[in-house]
Amino acid sequence: MLIQDNLSVQEKLKILTAAAKYDVSCTSSGVNRKGKAGSMGNASEMGICHSFSADGRCISLLKILFTNQCIYDCKYCINRCSNDVVRTSFTPEEICRLTMEFYSRNYIEGLFLSSGILHSADYTMELLVKTLWILRKKMGFGGYIHVKAIPGASPSLIEQAGFLADRMSVNLELPTADGLKNLAPGKTRDKILTPMRQIQRGIAGQMIKEGMSLPDYGSYPAGGREIEKGSVKKGSAEKKSEEKAVVSVKQRTGPKQQLGRSRYGNFGLRQVANHRDYFVPAGQSTQIIVGATPESDYQMLMVTEALYQRFGLKRVFYSAYVSVNEDSALPVLPGGPPLLREHRLYQADWLMRYYGFDAGELLSEKQPNFNVFLDPKCDWALRHLEHFPVEVNQAGYEMLLRVPGMGIKSVKRIIAARKSAVLRFEDLKKMGVVLKRAQYFITCSGKLLYPIKVEQDYITSQLLGDERRKRWDIEHKDSYQQLSLFDTSVIL
């Protein structure tokens, strides 16, 4: 299908912003670059609108595709080559001009740039690199840039993009190789994982150059010995520097040492200087489509855990499958996109990253899917009542974090307050503890809030009321409508 060259920039913008709305892995976080004289923009930690960062901040990004032309025929994708849609493409200069003009008007704080595959992976990646180079080097743009690495592109192009972008991502798309074979026959797991591994090794090499210690996740292959192995020949001085950095990782920075902080999110630089180029300082992320293939939540969570541990990802994003094409290989979802399932996966992902849970604790082969009525933390607690109730004035930090209704901030407040006082239930409420859930799992001075049965069936029946209302809210929430630059219902 031919690209329409006679379209105006505004017409292209309308088409290519709409085409980008199904890619949810556009978080902006992990880097803090201040503005400097002679350049425009920064990547400081502030902003509003459009997207959410890993730490919950709301930020604004210009989220577009370079082109919606594609050589692949992925059955779930609106831009697949067999679809009869209007095809168009920006030029690098057009994207740069849009970005600078939107930034100068305070519409955006950065750019999220993805693309279909135009002619070939290398051809497309070369255009993306050219766009970033003009933005950074010719126009002096210092704002946040997230760019997609094109699977199958040459390593040299991926490397060039890595030194110009803040974050890169390669979408895993589907959790298993069989799923890719059935729904995305042009893509393979090797094509996707190869640039992901390259980005990981590049970030690790940059961290070593900056004298930073690499996280050790046990099975994580880039814990030192395999970094850059066989790809670059190093001098003896550089090898000694690497070995020294690797040796400095003396402890396993696992869940018990990092609870309350991301177990995996420390793989990257974050703080960067203005006068130097760094390789993907904000780390990399990926996206998995939920519900397009028959994998269970357990399988998806195990894949997520492996991605965090083996590739040092900052975030794994989940995108509920939205039916945009008619194909016999695609699932029929009478209830619409599986938003509740996506929500449960995000909750479980949060527990794994910040609360010290492992995928095998939350789900198993015997229980492969999440409870639709209970959040993963409540569900885990109800299946492990032998650990409860816990005494708030004595329980350790790790155990308190596993109590439903208690978050990181409230647990830290409890730990600090009980050094000088004996805590009561009314004190916990003031500290932010949600007693509606926590009351079944804790005691204060050996007493429960009310005389209740610590039994699974009873507690479950008491918790289901609130969760059913939440489920309705989630399933009826229009969470897939991307903010449009052409929404005439908004008065500016």
Side-chain angles (χ1 to χ4, degrees), residues 23-27 29-31 54 146-153 155 158-159 161-162 165-177 179-180 187-208 212-231 246 249 252-255 258 262-270 278-289 295 299-319 345-346 348-350 352-354 358-360:
D23 198 325
V24 299
S25 58
C26 57
T27 186
S29 67
V31 66
H146 180 161
V147 68
K148 289 287 180 178
I150 305 298
I158 299 292
E159 183 179 14
D166 292 297
R167 172 167 288 184
M168 295 186 73
S169 56
V170 188
N171 282 355
L172 190 67
E173 303 288 7
L174 300 168
T176 63
L180 278 176
K187 298 179 181 179
T188 64
R189 184 52 50 88
D190 288 340
K191 277 187 179 180
I192 295 171
L193 295 183
T194 296
M196 195 179 289
R197 177 70 74 199
Q198 181 187 352
I199 294 169
Q200 176 209 24
R201 289 174 174 169
I203 296 172
Q206 186 73 64
M207 292 174 68
I208 289 172
M212 298 173 64
S213 296
L214 298 174
D216 182 7
Y217 299 134
S219 61
Y220 174 59
R225 294 184 178 86
E226 297 186 18
I227 295 174
E228 303 289 322
K229 183 178 179 181
S231 60
V246 172
V249 186
R252 179 179 184 270
T253 53
Q258 286 197 35
S262 176
R263 296 166 63 187
Y264 312 111
N266 55 348
F267 192 73
L269 298 181
R270 197 169 195 272
Y278 293 89
F279 189 84
V280 196
Q284 67 169 322
S285 59
T286 193
Q287 172 178 301
I288 301 176
I289 299 173
E295 290 85 11
Q299 288 174 295
M300 300 193 76
L301 217 56
M302 293 299 288
V303 169
T304 296
E305 188 174 63
L307 288 171
Y308 280 133
Q309 293 180 345
R310 298 176 185 176
F311 291 88
L313 266 63
K314 285 280 189 178
R315 286 291 305 275
V316 173
F317 290 86
Y318 309 93
S319 177
L345 286 167
Y346 271 118
D349 184 275
W350 194 267
M352 288 165 57
R353 289 191 296 129
Y354 291 98
D358 294 321

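Side-chain contact between L174 and K187 is absent, with no heavy atoms from C-beta onward closer than 4.5 Å. No side-chain heavy atom of Q198 sits under 4.5 Å from any side-chain heavy atom of R201. The closest side-chain heavy-atom distance from D358 to M352 is not below 4.5 Å. In this structure, S169 and Q287 have side chains that are not in contact, with every pair of non-hydrogen atoms separated by 4.5 Å or more. Here the side chains of L345 and L301 are in contact, with some heavy-atom distance below 4.5 Å. Side-chain contact between I192 and L180 is present, with heavy atoms from C-beta onward closer than 4.5 Å. The closest side-chain heavy-atom distance from L193 to F311 is below 4.5 Å.
Across every non-hydrogen atom of R167 and A282, the tightest pair is NH2-O, 2.8 Å. The shortest heavy-atom contact between K191 and P151 is O-CB, 3.5 Å. The two residues F317 and S285 have their closest heavy-atom pair at CE1-CB, 3.9 Å.
A cation-pi arrangement is absent between R310 and Y308, since the terminal nitrogen or guanidinium carbon is not both under 6.0 Å from the aromatic centre and inside a 45° cone about the axis.
Expressed to the nearest 0.5 Å, how far OH of Y354 lies from CG of D349 amounts to 9.0 Å. Once rounded to the nearest 0.5 Å, the distance linking OG1 of T286 with CD1 of I288 reads 6.5 Å. For the atom pair OG1 of T304 and OH of Y318, the computed distance is 3.0 Å after rounding to the nearest 0.5 Å.
For E295, the side-chain hydrogen bond (donor to acceptor under 3.5 Å, both in side chains) partners at least two apart in sequence or on another chain are T176, T293.
A side-chain donor-acceptor contact under 3.5 Å links Q200 and R197.
Remark: of the listed residues M196, R315, K314, M196 is the sole one forming a side chain to side chain contact (heavy atoms under 4.5 Å, CB included) with Q284.
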